[in-house]
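Computed from a predicted structure; not experimentally measured. Keep in mind that the numbers below use all heavy atoms, side chains included, and drop hydrogens, waters and symmetry copies. Residue numbers start from 1 in every chain, and the chains themselves are labelled A, B, ... in the order their sequence lines are given, proteins ahead of strands.
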Amino acid sequence: MRACDVVTGVKLNYTEELNPEQCRAVETIDGPVLIIAGAGSGKTRVITYRIANMLGHGIPQSSILALTFTNKAAHEMAGRVRELLGRKLPNLIVSTFHAFGVRILREQIHRLGYRDSFSIYDTHDQLSLLKQTAREIRFSLDSVDLYTTLAAFSRIKTGTADWDDQTLPLHTLYHQYQTHLRLYNAVDFDDLIQLPIAILSQFGEVADGYRRRFSYILVDEFQDTSRQQYRFLQLLGGRHRNVCVVGDDDQSIYSWRGADYRNLLQFERDFPDLQEITLERNYRSSNTILAAANGVISHNTNRKSKNLWSGSDGGSPVELYHPEDERAEATFICDRIKGMALKEGLKYHDVGVLIRANSLARALEEGFLAENIPYRISGGESFFQRKEIKDMISYMRLCANPDDDVSLLRIMNTPRRGIGLRTLEQLQELARARGISLFSAMHAALAAEDSPLSSRARDDLGGFVTLIDTYRPKLLSGRRMAETLSAMVTEIDYWSYLVSEHQRNEKVAKWKLRNIELFIDIVRSYERDPDTLDSGLFHFLNRITLQQRDNIDQDDEQGKVNLMTIHAAKGLEHEVVFVAGVEDGIIPHARALEEHERNIEEERRLFYVAITRARRRLFLTCCRQRKVMREVINCVPSPFLEEIPAGLIQISEVDIPVEHDEAADYFAMIKARFARSGV
DNA sequence: CTGTACTAGACCACT
DNA sequence: TCTAGTACAG
């Protein structure tokens, strides 16, 4: 019997718990390793045991770097390791690529001429920067879509695309955007990968330091890595070659964000001596669910051939239901959940309700509320994206980095302080002339004898500058940040601002104030958390900026139904899974197909990921009609439904008369298939 | 400079 | 339906 004695003294007997392939994956520690891990093949288990095994072989935790793609996956992995070893590993780094990028930048960004107090701009901030930049250089954005522009900038920055006829007119805008980022001492999400690459490739001794430090690298969800992330990985691990990547090409669902399946081929080319391990045995789902999933995914071309099989037998059929509209859909889902809870003792937290887009969440949430089913939702707008919270964050960011014009512009007049357009224009003029930030320009304008500002404007401005200058050292001290913030909220009288903004609706004002209190609590518990090694203002801000979608409900997931997007569900599993809105235009999403017809394969993988989240039972719902924006539209069932072998599906009949031809046709079709298959 | 009222456009996924 | 942006009056 093999066992490994981990530092903690915990004995790990994994041979009994793992199959031979899994064991091999756990035991192959040195050199390049490629693990192809099908859905439900125990991947997370393998990764955690592998880390435990490495520690058991005397590899220090600080030498191991485990990278994933989403926050959720990173948390999941860190939690599993902790659970397995029964203790926290403070020096083991399990993080997203972006968070790891921040870590490097905090240590090294000065080499590129930034200060380590840099701000990180999320999409919102990028958007305001873009607008502001355009205004400044008199570039009309009327003809271009802002998001498209940002996407183009991203492709340019990451080297995914070159300037072409489409993007060339944006050339000066892009450069101005970049200049501003630098002036404001700010970076965007792409920079979090791009700048570390620049540092590692320009400064050999720095790169060597990191290579020595992280001598074992593990990458989860490798199929979702971008070319940039691969390059980053190569710079870090290309020499010592102790790089283990784990992935499944069938679950690649992030190509829109730069994920590139060619990384897999590149990895094989770069490390021709790699050990390849394929995990094909599925431990998660019933045979029925697995067969349904296989039926769907087999329609994709260009797959690395893989045959998932399961030791378990049969299982309940996949149930397909056609509700009248999205409200009936919510009712059906609630009824089923309640029924199973009652009859089978199903726990609410063992249920996952998956949706393609956040917009589908509303009707379901309303249903859960009406039926008193506790739920939690992940994805969508995070707590930190809420307006009132972003205001607080902007105050903190400006204190951390006074050159951050985007944050300054957000709060300069929030609450209203009488600093108007005229004053702002004068300040911007001054800032531009001297090549300084707005906050510096404010100081300059206040100090200047011949200031063009009116005395009223001087007073208003002076109040703001004094406010920031007073709270800045307090927040920077890193002590009692929560109290400081709380005092500031009182001083700026944010409550009155909320009340005046929501005169008609006092409830909203109260709700927002409550959110701010919640935020202050978060700051407080962050400060008190003994596990945060670096409890300063910057670290806090960086951390929450990367937490764009994950909600802060880490506390109690017990007893709550999980409502989330399919993207967010990747890597998770549930006893019972509902996939809502299995309609043409939603899965596959119309917008995805508009972009490119070939995106159908990724949409299919998305559906595959949704199906394979289920252990025992799978329900698919497909509305007859649905309200989209203003109007009610008739729905057509998703074409992917036909790819599920007919014998596996059971139609849940509805007692509502069939009104629409399309729906009727589809019904007939399903019934015919049903008859043919002889069920 | 502020507040209100009106209009257009948004809903695809994550860091 | 909701929000962000703009026009205009005070």
Minimum-distance nucleotide (side-chain atoms of [X] versus [options]):
X	options	result
Met629(A)	dA10(B), dC2(C), dC1(B)	dA10(B)
Ala568(A)	dC11(B), dT1(C), dC14(B)	dC14(B)
Arg356(A)	dA13(B), dT1(C), dT15(B)	dA13(B)
Ala592(A)	dC12(B), dT15(B), dC2(C)	dC12(B)
Leu421(A)	dC2(C), dA10(B), dC1(B)	dC1(B)

Worksheet entry | 5'-most by nearest nucleotide on DNA chain B - Arg591(A) or Gly418(A) |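 Its nearest nucleotide being more 5', the pick is Gly418(A).
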Item to complete: Return the 5'-most residue of the pair Arg422(A), Tyr147(A) with respect to DNA chain B, ranking by each residue's nearest nucleotide.
Response: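 Its nearest nucleotide being more 5', the pick is Arg422(A).
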Taking the ring centre of each residue, are [X] and [Y] less than 6.0 Å apart?
X	Y	value
Phe100(A)	Phe97(A)	no
Tyr254(A)	His567(A)	yes
Phe153(A)	Tyr177(A)	yes

Worksheet entry | Ring-on-base stacking dC12(B) with His589(A) (under 5.5 Å, under 30°) |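 Stacking between His589(A) and dC12(B): present.
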Worksheet item: Is Trp256(A) stacked on the base of dA13(B), meaning ring centres closer than 5.5 Å and planes within 30 degrees of each other?
Response: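 A stacking contact exists, since Trp256(A) sits close and nearly parallel to the base ring of dA13(B).
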When the distance from [atom1] of [X] to [atom2] of [N] is rounded to whole Å, what number comes out?
X	N	atom1	atom2	answer
Asp190(A)	dC14(B)	CG	C1'	12 Å
Leu67(A)	dT15(B)	CG	P	15 Å
Ile586(A)	dC12(B)	CD1	P	11 Å
Lys627(A)	dC11(B)	NZ	P	18 Å
Leu424(A)	dC1(B)	CG	P	9 Å
Glu594(A)	dA13(B)	CD	P	15 Å
Arg417(A)	dC1(B)	CZ	P	15 Å
Gln251(A)	dC14(B)	CD	P	16 Å

Does the side chain of [X] get closer than 4.0 angstrom to OP1 or OP2 of [N] through an N or O atom?
X	N	value
Asn413(A)	dT2(B)	yes
Asn71(A)	dT15(B)	yes
Thr123(A)	dT15(B)	no
Arg416(A)	dG3(B)	yes

For the residue pair [X] and [Y], categorise the inter-ring angle as parallel (less than 30°), tilted (30 to 60°) or perpendicular (more than 60°).
X	Y	answer
Phe519(A)	Phe383(A)	tilted
Phe214(A)	Tyr210(A)	parallel
Phe189(A)	His98(A)	perpendicular

How would you label the contact of [X] with the nucleic acid (heavy atoms, under 4.0 Å): base, sugar-phosphate, or nothing?
X	answer
Ser255(A)	nothing
Ile193(A)	nothing
Phe97(A)	nothing
Glu595(A)	base
Ala357(A)	sugar-phosphate

Where do N or O atoms of nucleotides 4-10 of chain C meet protein N or O atoms at under 3.5 Å, pair by pair?
residue: dG5(C); atom: OP1; partner: Lys131(A); partner atom: NZ; Å: 2.4

Item to complete: Go through the steps for Tyr121(A) and Tyr184(A) under the test ring-ring contact (aromatic ring centres under 6.0 Å, His included), then give the verdict.
Response: CA-CA 11 Å; Tyr121(A) 284 173; Tyr184(A) 304 163; 7.0 Å; no
Discussion item. When you measure from the side chain of Asn413(A) to the backbone of Arg416(A), do you find a donor-acceptor pair of N or O atoms at a distance under 3.5 Å?
Written reply: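 Pair absent, no side-chain N/O of Asn413(A) close to backbone of Arg416(A).
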Worksheet item: So, Asp248(A) and Lys43(A), do they make that salt bridge, N to O below 4.0 Å?
Response: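 Answer for the salt bridge query: no.
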